Amino acid sequence: MSLEVCAGDGGGGHGHAVVIGSGLAGLTAARALADFMDRVTVIERDRLPSGSGRRRGVPQARHTHTLMPAARQGLEQLFPGIVADLTAAGAVPVRMPQDMLLLGPAGWLPRFDAGLLALSAGRDLIDAVVRDRLRADPKVTFLQEHEAVCLEAGRHDTVAGVWVRGRDRRAPDGWSPRHLMPADFVVDATGRGSCAPRWLAELGYQTPRESAVRTPTTYASTLFAPPIGHVADFSALLLMGTPDQPRQGMLQPVEGGRWSVTLSAGDGSRPPADHEALLRAAGDLRHPLLREVIEAATPLGPVYACARTENRWRHYEKLRRWPDRFLVIGDAFVALDPAHGHGMTLAVQSALVLDHVLTGHGTATGITFRLRHALAQHLAPAWQASLHSLGAAGASPYLPPDGLRARLGRSWTARLAAAATTDEDAARLLLERLQTFDPPAAGLRRRELRAVLRAPRLTAAPAAPPSTTHGQGTRSRRPGTPAVPAIGVSIGSARPRATISSAHWSA
Ligand SMILES: Cc1cc2nc3c(=O)[nH]c(=O)nc-3n(C[C@H](O)[C@H](O)[C@H](O)COP(=O)(O)OP(=O)(O)OC[C@H]3O[C@@H](n4cnc5c(N)ncnc54)[C@H](O)[C@@H]3O)c2cc1C
């Protein structure tokens, strides 16, 4: 197969870009390209819902997805006003740690204004709002129910298009015959299941070396309606794990006044499959608060499990021979264990890197070497941080032996985590670390040093959550119980409770 490279479709002269996949990496890459190319086509295998409907291609959407502050800021840069759009659609702003009860590795974090604002919403809603913004751009076209099957080679080591096939329910294999979509720039954003290594091999290129670090983490998620009259002085709850107890639980408010609850286990145990098991597993966390909060709530659907969480880096940046005008982005390039909710942040930031390089270079030709390296450089700290945290979570069988630097880094983080229980500077730094992906040993600053040196002994950490409505020393609010003064109040309507039965986390 070969095709003359198109010199563009007129307009600015940069031609037609094709983005394969309309997850968050594809949508944000399309946004960056739309500012530069004459037109952009987003190819998506699924039928795209008009609103925030569920779709097959993003099964992880059933699990709690938080737009961390860095992702929120990056999205706003790409789509000015989108935070207001998301909030108007029902996304809930969560000030970290002001609106959260957060049990860190060494104890409860104080609640204060750290200037860190996350957005909590169902993943389908986030995608829908971003998709709608792109749909409004006349340069962008969505080609839904179409699957990319391979790349088209151009002259002189370039990619010149994508072969696609459309869904055809009358065809014996369910697909129409494939056809070529010429393109001047192609982005693969097809997520963890990306076929780019095979597509490259078919064109005679080497396949990339892969670093894959299997993680033992499993996830179980479900939605709840809060009990009628529920009152709390927090809107989100995060109970982090520790090396000895690598189980984490989180509750995030999402659109429709609902709660998205996810439990994860970093010890490879089987995730709970139903609500009864989920409740028992919540009772096994480091603090009973999550269980106490959800046991009076109404389950709104099944419990979904996910165990496909390995860290995988396909080293495209290392390939010496590479077809120009082709880029791999998002989970298709580097996918991380979602324990820290980095994936969407990295997708958004990768689109910003694309935007920066395109603008700086002034052409989409001859930039993929630079782009691959810029992306790799940008993703490396998050990769390192994810591996460090795996080591810290006691998953050593899955990792090579630790070096001195990593051990020192972990001990430093442990001191910072202890300091964070009583010192606002340290708490802010701990939360920022989760944002910026600094490896533990890096970025030592005077403020951090001071905070860590005045860290209390672990026993000094407060044992009860910093809440006037929940936890030790307070009575859990039950429906109908008079409210004490509350900051964030979440009220939901209870439906008949689902029947609950069967087993919980089992090794
Ligand atoms: C349990 C869990 C919880 C998570 N929680 C968070 C969180 O709180 N915060 C966070 O930032 N991240 C979180 N993540 C990570 C986040 O979901 C991913 O990093 C993010 O979805 C990656 O986006 P993507 O666009 O690269 O891939 P995807 O979202 O997987 O999208 C890929 C798209 O490509 C389409 N596609 C695939 N193949 C083809 C083809 N051949 N042709 C056409 N279309 C194709 C698919 O249909 C899909 O639409 C979580 C992940 C998991 C598993």
Side-chain angles (χ1 to χ4, degrees), residues 18-30 41-49 55-72 74-75 94 118-124 126-127 130-131 142-151 162-167 175 178 181 186-196 198-199 215 217-221 238 248 250 252 254 260 262-264 271 304-312 328-351 379 382 386 434-435:
V18 168
V19 176
I20 312 167
S22 71
L24 211 68
L27 295 173
T28 51
T41 305
V42 181
I43 299 174
E44 171 54 53
R45 189 192 274 147
D46 285 346
R47 175 194 282 274
L48 292 170
R55 59 191 187 82
R56 251 177 108 170
V58 191
Q60 71 269 33
R62 294 169 169 145
H63 299 272
T64 306
H65 269 72
T66 305
L67 272 173
M68 298 299 265
R72 179 187 60 78
L75 260 190
V94 177
L119 270 189
S120 182
R123 168 65 193 269
D124 295 318
I126 297 170
D127 283 12
V130 178
R131 206 164 53 226
F142 282 86
L143 189 60
Q144 57 180 325
E145 294 197 276
H146 276 72
E147 179 184 63
V149 287
C150 61
L151 300 173
V162 183
W163 286 87
V164 295
R165 58 181 186 174
R167 261 212 217 274
W175 294 100
R178 64 187 195 174
M181 175 171 288
V186 175
V187 175
D188 171 24
T190 52
R192 283 180 181 262
S194 163
C195 295
R198 176 165 58 77
W199 294 345
T215 66
T217 321
T218 54
Y219 293 81
S221 303
L238 172 60
Q248 176 166 301
M250 76 158 74
Q252 290 283 356
V254 294
S260 177
T262 292
L263 300 188
S264 65
Y304 294 102
C306 170
R308 199 181 172 203
T309 59
E310 79 280 2
N311 290 279
R312 181 174 300 277
V328 182
I329 211 162
D331 277 12
F333 188 0
V334 176
L336 297 179
D337 177 351
H340 302 299
H342 288 169
M344 293 191 294
T345 306
L346 296 178
V348 170
Q349 292 180 336
S350 296
L379 297 167
S386 186
L434 294 176
Q435 296 296 301

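No experiment lies behind these values; they were computed from the predicted model shown. When a ligand or atom number is given, it counts from 1 through the structure's own listing order. Just the heavy atoms: all of them, side chains too, but no hydrogens, waters or symmetry mates, feed the values below.
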- Query: What residue among E147, H146, R55 forms side chain to side chain contact (heavy atoms under 4.5 Å, CB included) with E44?
  - Reply: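 Looking at E147, H146, R55, the match for E44 under the side chain to side chain contact (heavy atoms under 4.5 Å, CB included) is R55.
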Should [X] and [Y] count as side-chain neighbours, where that means a heavy-atom distance under 4.5 Å?
X: V94; Y: T66; value: no
X: L263; Y: P271; value: no
X: T190; Y: C195; value: no
X: V42; Y: R131; value: no
X: R123; Y: L24; value: yes

Any atom of ligand 1 sitting under 4.0 Å from a heavy atom of [X]?
X: G193; answer: no
X: A189; answer: yes
X: R123; answer: yes
X: R55; answer: yes
X: R192; answer: no

Check [X] against ligand 1 and report side chain, backbone, both or neither, counting heavy atoms closer than 4.0 Å.
X: L24; result: backbone
X: R45; result: both
X: P338; result: side chain

Going by the order shown, which atoms of ligand 1 are within less than 4.0 Å of some heavy atom of [X]?
X: H146; answer: 43 (C)
X: H342; answer: 11 (O)
X: G23; answer: 25 (O), 29 (O), 31 (O), 33 (C), 49 (O)
X: I43; answer: 43 (C), 44 (N)
X: G330; answer: 26 (O)
X: I20; answer: 42 (N), 43 (C)
X: T345; answer: 11 (O)

Considering both backbone and side-chain atoms of [X], is one of its nitrogen or oxygen atoms within less than 3.5 Å of a nitrogen or oxygen in ligand 1?
X: Q60; result: yes
X: A347; result: no
X: A25; result: yes
X: A148; result: yes
X: H63; result: no
X: C306; result: no

- Message: Give me the nearest non-hydrogen protein atom to atom 45 (C) of ligand 1 as residue plus atom name, then the distance to 0.1 Å.
- Response: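 Result: T190 CG2, 3.7 Å.
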- atom 14 (N) of ligand 1: the protein heavy-atom neighbour that sits closest, reported with distance to 0.1 Å: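 Of the protein heavy atoms, H65 NE2, 3.3 Å lies nearest.
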- Item | Nearest option to atom 48 (C) of ligand 1, as decided by whichever heavy atom of Q144, E44, R62 sits closest |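 Among Q144, E44, R62, the closest heavy atom to atom 48 (C) of ligand 1 comes from E44.
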- Query: Which is closest to atom 19 (O) of ligand 1 by heavy-atom distance: V328, T309, T64, D331?
  - Reply: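 The residue whose heavy atom sits nearest atom 19 (O) of ligand 1 is D331.
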- Taking atom types as modelled and ignoring hydrogens, do the side chains of S221 and T64 form a donor-acceptor contact shorter than 3.5 angstrom?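 No, no side-chain donor-acceptor contact under 3.5 Å.
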Starting at [atom1] of [X], measure out to [atom2] of [Y] and round the result to the nearest 0.5 Å.
X: R47; Y: R167; atom1: CZ; atom2: CZ; result: 10.0 Å
X: Q144; Y: R45; atom1: CD; atom2: CZ; result: 14.5 Å
X: I20; Y: M181; atom1: CD1; atom2: CE; result: 10.0 Å

Please answer whether the main-chain N or O of [Y] pairs with a side-chain N or O of [X] as donor and acceptor at a distance below 3.5 Å.
X: S194; Y: G191; result: no
X: Y304; Y: Q60; result: no
X: R192; Y: R312; result: no

- W199/D188 under side-chain contact (heavy atoms from CB on, under 4.5 Å): CA gap, chis, key distance, verdict: CA-CA 10 Å; W199 294 345; D188 171 24; 4.2 Å; yes
- Task: For a side chain to side chain donor-acceptor pair (under 3.5 Å) with S386, tell me which candidate from N311, D337, T215 qualifies.
- Result: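 Exactly one candidate clears the test, N311.
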